[in-house]
Amino acid sequence: MCQVGEDYGDPAPEGPPPPRPGHELKCVKCKEGLPVVVIRAGDAFCRDCFRAFYIHKFRAVLGKNRLIFPGEKVLLAWSGGPSSSSMVWQVLEGLGRDSAKRLRFVPGVVYVDEGAACGQSWKDRARTLADVKLILQTVGFPWHTVALEEVFALPPSVLRCSAQEPVGTMGNYKVAVDSFLQQEHMLGAEGVGGSPNSTQGEEQLGQPCTQDPQHPAGPPPADQTEALSRLFDSVKTLTAKEELLQTLRTHLILHVARTHGYSKVMTGDSCTRLAIKLMTSLALGRGAFLAWDTGFSDERHGDVVVVRPMREHTLKEVAFYNRLFAVPSVFTPAIDTKAPEKASIHRLMEGFLLRLQAQFPSTVSTVYRTSEKLVKAPRDGCAAGPRCLLCMCLLDVDTADSATAFGAQTQDCSQMRPPTPPAEAPTVPCCSTEVGRVQNCFRGTKPCGREDSRARVIEQLCYSCRVNMKDVPSLDPLPPYILAEAQLRSQRYGLAPRLGECWRGPSRRWPPWGKVPRVWLPPRASPEIQEYLVESSDDDVHTGGSGAWGPPEQEGKDGQAACD
Amino acid sequence: MAAPLSVEVEFGGGAELLFDGIKKHQVTLPGQEEPWDIRNLLVWIKKNLLKERPELFIQGDSVRPGILVLVNDADWELLGELDYQLQDQDSVLFISTLHGG
């Protein structure tokens, strides 16, 4: 792909800097001003043209996609970093423009305090929060600060994809805008002095800064902080930590959005970050979901759509804009601060792409343009299959994979045990003292509950989430909503691929009919499973011992089909 | 022969973590044989200011990819990058774009 000397179509030379001092060059746009920044490869812009270019790009991305309807509530996910700060500032400026070009949605801001995951003390976190609040008060939108510890209080419903249709469709966009403008015009004529949207916006701006009621100004409960630290300390690799952090953060922001009625969430992912994310996702096994992970809009949650309006701005442009126009941001150390280059796949990929970019300035834009071409097509035309428990994408795993290396690795999750009726088994307490997960453990049987609950969670994950979970030795420290939802789903679908184990004594909750079919059920379309369960209740039940059920062609591929 | 120079070196975007958290440094570069350009300034910074993890700031004789350099609020690419000759009272700003989002 990258050969020395190859021209990528960019007019400017690559490698050596333009061979002249700044005063001789003029801005490429207005041909008059003194240039201050070089964008792309060789386009020098003066300060004003750069500003116009930057703002125009932001508006164009929103306008082109036509997903945000007038009057819609949009939550801005602000991390304090440069890109999201820039995004918040753009929205602030955009709302203040003259009526023809004004942005027309109703924003709110959410800030997630992730200090506990990074090992920060409460004192440092409080200091950062104070800076954050200062900026949020300047911005003036309704804001919510949440601590990452609050994932331990999330309900399992946050993992369910709501079937509700997002607001409107493309065709309705023009209609909505027209009617909105008409309304504005009418109200303007009546002398009210502004649209309902702007009065509403003013009301919201005039409100005292709304604070998340569950998060008063004080440290979060110590047991939650400790639980979060325990969770992140138990994860073995930085890659898995970063993925887990991202997942939890997404769930938390989703919950805030749903609770407060926001139908869109804007994140500040820049062009550079998305290019890195695309390559990293490929390395992590998320190739099937690239279009959702890196596209402009991400509808996997159903009622809340994640949009990325900064996706055409490179990190360089963002940094320059923030510096030249004094956009406030808060620096917070992250989980990978000062990590060496090979500490995680994310860092490695970042280093790789940025080094390549230094030699070949169109690298990032090429990767980005590739991401624009990705199409969101459901797998095999089946748009309504089961979704991954953590990332909420349609599951991309197959039973046919069980014979492959992937299948072997997932079978690691549940161990092989010789089946003995529970009466003969020694009564070993299967839960260790640390976390007594009684619902997953049936005292008196052989030690099995933990592995079963793990298998239950693993089977509901997509490929890349499963690979990440390999670096999480125990699922106990995970927040309870994940484990509860996993159990709920497996009860609903009756999935129990406890390979190597046949029968367990009757337990109160799992499974309801007291016997477990030893079969690797396809983790996909639920109608098939419902049908299967109806059939299975009529069959002779196995009381232990041999024989695997299931479609005959599965047996050979199962690996360990029988209780041998 | 270069006369001593007084320049302001500033770090942002997280780069200040490598410099004890101090963002602005007013430094006086001593007189020396070679002229003071950015290349030599980087060597000087590495020797005198950088407290830890040089590989996160400097790569080879230039800055690590992802770190922007602004001289007097202008992109260093416009000024010749490493070959730009520093003048008295210049302000050099290093912004790390790698941190945060």
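Atoms considered below: every heavy atom in the structure, side chains included; atoms not considered: hydrogens, waters and symmetry mates. Chain letters run A, B, ... following the sequence lines, proteins first and then strands; every chain starts at 1.
When the shell of 6.0 Å around CZ of A:F352 is examined, it contains 12 or fewer heavy atoms from other residues, nucleotides or ligands.
Contacts between A:P333 and chain B at a heavy-atom distance below 4.5 Å involve the backbone alone (N, CA, C, O). Residue contact with chain B, scored on non-hydrogen atoms closer than 4.5 Å, involves the backbone and the side chain of A:R355 alike. Within the 4.5 angstrom heavy-atom criterion, only side-chain atoms of B:L93, from C-beta onward, approach chain A. Heavy atoms of A:T332 lying under 4.5 Å from chain B belong exclusively to its backbone. Residue contact with chain A, scored on non-hydrogen atoms closer than 4.5 Å, involves the side chain of B:I95 exclusively.
Within residues 4-15 of chain B, the residues having any heavy atom under 4.5 Å from a heavy atom of chain A are, by residue number, B:E10, B:G13, B:G14. Contacts between residues 45-58 of chain B and chain A, defined by a heavy-atom separation under 4.5 Å, are made by B:E52, B:R53, B:L56.
Remark: the backbone N or O of A:T294 is paired with a side-chain donor or acceptor of A:R311 at under 3.5 angstrom. Formation of a donor-acceptor pair under 3.5 Å by the A:N322 side chain with backbone atoms of A:P82 is found in this model. Without hydrogens or angle criteria, B:N72 side chain to B:S91 main chain gives a donor-acceptor distance under 3.5 Å.
The aromatic rings of A:F331 and B:H99 sit tilted relative to each other, their planes meeting at an angle between 30° and 60°. Using cut-offs of 30° and 60° for the angle between ring planes, the A:F325 and A:F50 rings count as parallel.
Comparing A:T337, A:I276, A:T267, A:L324 by how many heavy-atom pairs each has under 4.5 Å with chain B, the most go to A:T337.
Checking A:E243, A:Q246, A:K277 one by one against A:H346, the side-chain hydrogen bond (donor to acceptor under 3.5 Å, both in side chains) holds for a single residue, A:E243. Of the options A:V265, A:V146, A:L248, a side chain to side chain contact (heavy atoms under 4.5 Å, CB included) to A:I253 is made by A:V265 and by none of the others.
For A:S79 and A:S84, the side-chain atoms include at least one donor-acceptor pair closer than 3.5 Å. Judged by distance alone, the side chains of A:Q90 and A:Y321 do bring a donor and an acceptor atom under 3.5 Å apart.
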Is there a salt bridge (charged side-chain N to carboxylate O under 4.0 Å, His left out) between A:K26 and A:E32? Walk through the geometry before answering. CA-CA 6 Å; A:K26 293 291 180 198; A:E32 288 175 0; over 6 Å; no

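Counting all heavy atoms, side chain and backbone alike, B:L29 lies closest to B:W36 at CB-CE2, 3.5 Å.
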